[in-house]
Number of protein chains: 2
Amino acid sequence: MKLTEARQQFISSWGAFGTHWGINRTMAQIHALLLISSDPLTQDDVMEELNISRGNTNMNIRELINWGLVERVLLQGHRKEYFAAEKDIWKVVKQIVRERKKRELEPMLQLLDKLEEVEGDKRDKNVKSFLTTVSNIKKLGNQADKTLDTMINAEENWFLNTLLKIIK
Amino acid sequence: MKLTEARQQFISSWGAFGTHWGINRTMAQIHALLLISSDPLTQDDVMEELNISRGNTNMNIRELINWGLVERVLLQGHRKEYFAAEKDIWKVVKQIVRERKKRELEPMLQLLDKLEEVEGDKRDKNVKSFLTTVSNIKKLGNQADKTLDTMINAEENWFLNTLLKIIK
DNA sequence: TCGAAAGTTCAATAATATTTGAAAACAAGG
DNA sequence: CCTTGTTTTCAAATATTATTGAACTTTCGA
């Protein structure tokens, strides 16, 4: 397989992958492109490589910056802005976890706290069922929250170390 | 807060949550409804509670069954089919992990294997950058794959135990 | 075996999300 | 402080995805 084709496959499947995780295709594709590019790219480079409009490119690069996955790079002697992705995949994963935790898990846990205060006779089976479910989700959510914190502060091989500790 | 309102909030935010994870709103809502219901429900119950059409209900319940999150239940003395969600949240999480691993992580790893066979001069910085990225993602992906296997076979408090082992 | 009730399918439609492109804002160099 | 190249914005257009509902199939009881 030629490099060009391989790059295209990577970009396209990274994009498809993204859509299964609530990330829009283009954002994932730009990320993929920057990940495999040896040097920082300009907006125009991205537009041309992916055949997308200027506005789309701009918005999605900005979003990637918000997520902490891409950085603006200033190359001296150039007027245009350049962009580069964080290349350390472990850092990338940690950053994504950090953001999704903040954006999704934590608000969910807050909501569950509120929902636990439902009024009503706790002998009513509907109330009971509701409360049990909410409380169980909360328990697991809190556990996940703590574990992810540990992960965020951990070394890359945390996963594997964990595995080994459990096995032996 | 009244039970009715609490239930609605739970269902609606579970649905919104789902959309951020590549799961369609209705499927997540039906799942939520079945999670908090004390008894199995029929299609008609679901239609009425969520105000959705018969076709939609049918398709999404089937999808939940495919994911292994919901089961058909036959209540004797009733002609209609009833549906119930797995209530053990830990089992639910494991099941989701199992499915997503199979549907997404494993195909991705297969693709990466193929992409590593790219032709070209390995001193070319574009080739080098591509190969480095692919290989790093593969490495982490394989690690994740193994760790998730461990998790799938683990007890509910695996998370917390892991945490404690690391801390001390 | 038939008829009614329940379940399923899928083309048409609606809702949602993404993309475009042109206009506006901004920034750097002269 | 003006010109030009660059970046940003956002309403409208497009593409994608989800939903409906009526026709069709299956199942069950009599």
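Convention: sequence-line order gives letters A, B, ...; per-chain numbering from 1. Everything numeric here is computed off the predicted structure, so don't read it as measured data.
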* Among D:dT7, C:dC10, C:dG21, which nucleotide sits nearest the side chain of B:M59? ->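 For B:M59, the side-chain atoms sit closest to C:dC10.
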
* Asked: Looking at the side chain of A:R54, which of D:dT20, D:dT8, D:dT6 is the nearest nucleotide?
  -> D:dT8

Whole-Å distance between [N] [atom2] and [X] [atom1]?
X     : N      : atom1 : atom2 : answer
A:I23 : C:dA17 : CD1   : C1'   : 15 Å
B:H78 : D:dG29 : NE2   : P     : 13 Å
B:E63 : C:dT8  : CD    : C1'   : 15 Å
B:L75 : C:dA6  : CG    : C1'   : 15 Å
A:N51 : C:dT20 : CG    : P     : 9 Å
A:R72 : D:dT8  : CZ    : P     : 5 Å
B:H20 : C:dT16 : NE2   : P     : 14 Å
A:D44 : D:dG5  : CG    : P     : 13 Å

* **Salt-bridge contact B:R103-B:E99 (side-chain N to carboxylate O under 4.0 Å)** => yes

* **Ion pair check, B:R100 and B:E104, cut-off under 4.0 Å** => yes

* Asked: Want to settle it: does A:Q43 or A:R79 sit nearer the 5' end of DNA chain D, counting the closest nucleotide to each?
  -> A:R79

* Asked: Considering only heavy atoms from C-beta outward, does the side chain of B:L41 approach that of B:Y82 to under 4.5 Å?
  ->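 In short, these two side chains do not touch, never coming nearer than 4.5 Å.
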
On the nucleotide [N], are OP1 or OP2 found under 4.0 Å from the side-chain N or O atoms that [X] carries?
X     : N      : result
B:R25 : D:dT17 : no
A:N58 : D:dT7  : no
B:N24 : D:dT19 : yes
A:T26 : C:dT19 : yes

* Asked: Got a sec: does the CD of B:E71 have more than 12 other heavy atoms crowding it under 6.0 Å?
  -> no

* To do: Return yes when atom CD of B:E116 has more than 12 non-hydrogen atoms of other residues, nucleotides or ligands closer than 6.0 Å, and no otherwise.
  =>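 More than 12 within 6.0 Å, yes.
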
* So what does A:R62 hit on the nucleic acid, given a heavy-atom distance under 4.0 Å: a base, only sugar-phosphate, or nothing? ->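 Result for A:R62 = sugar-phosphate.
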
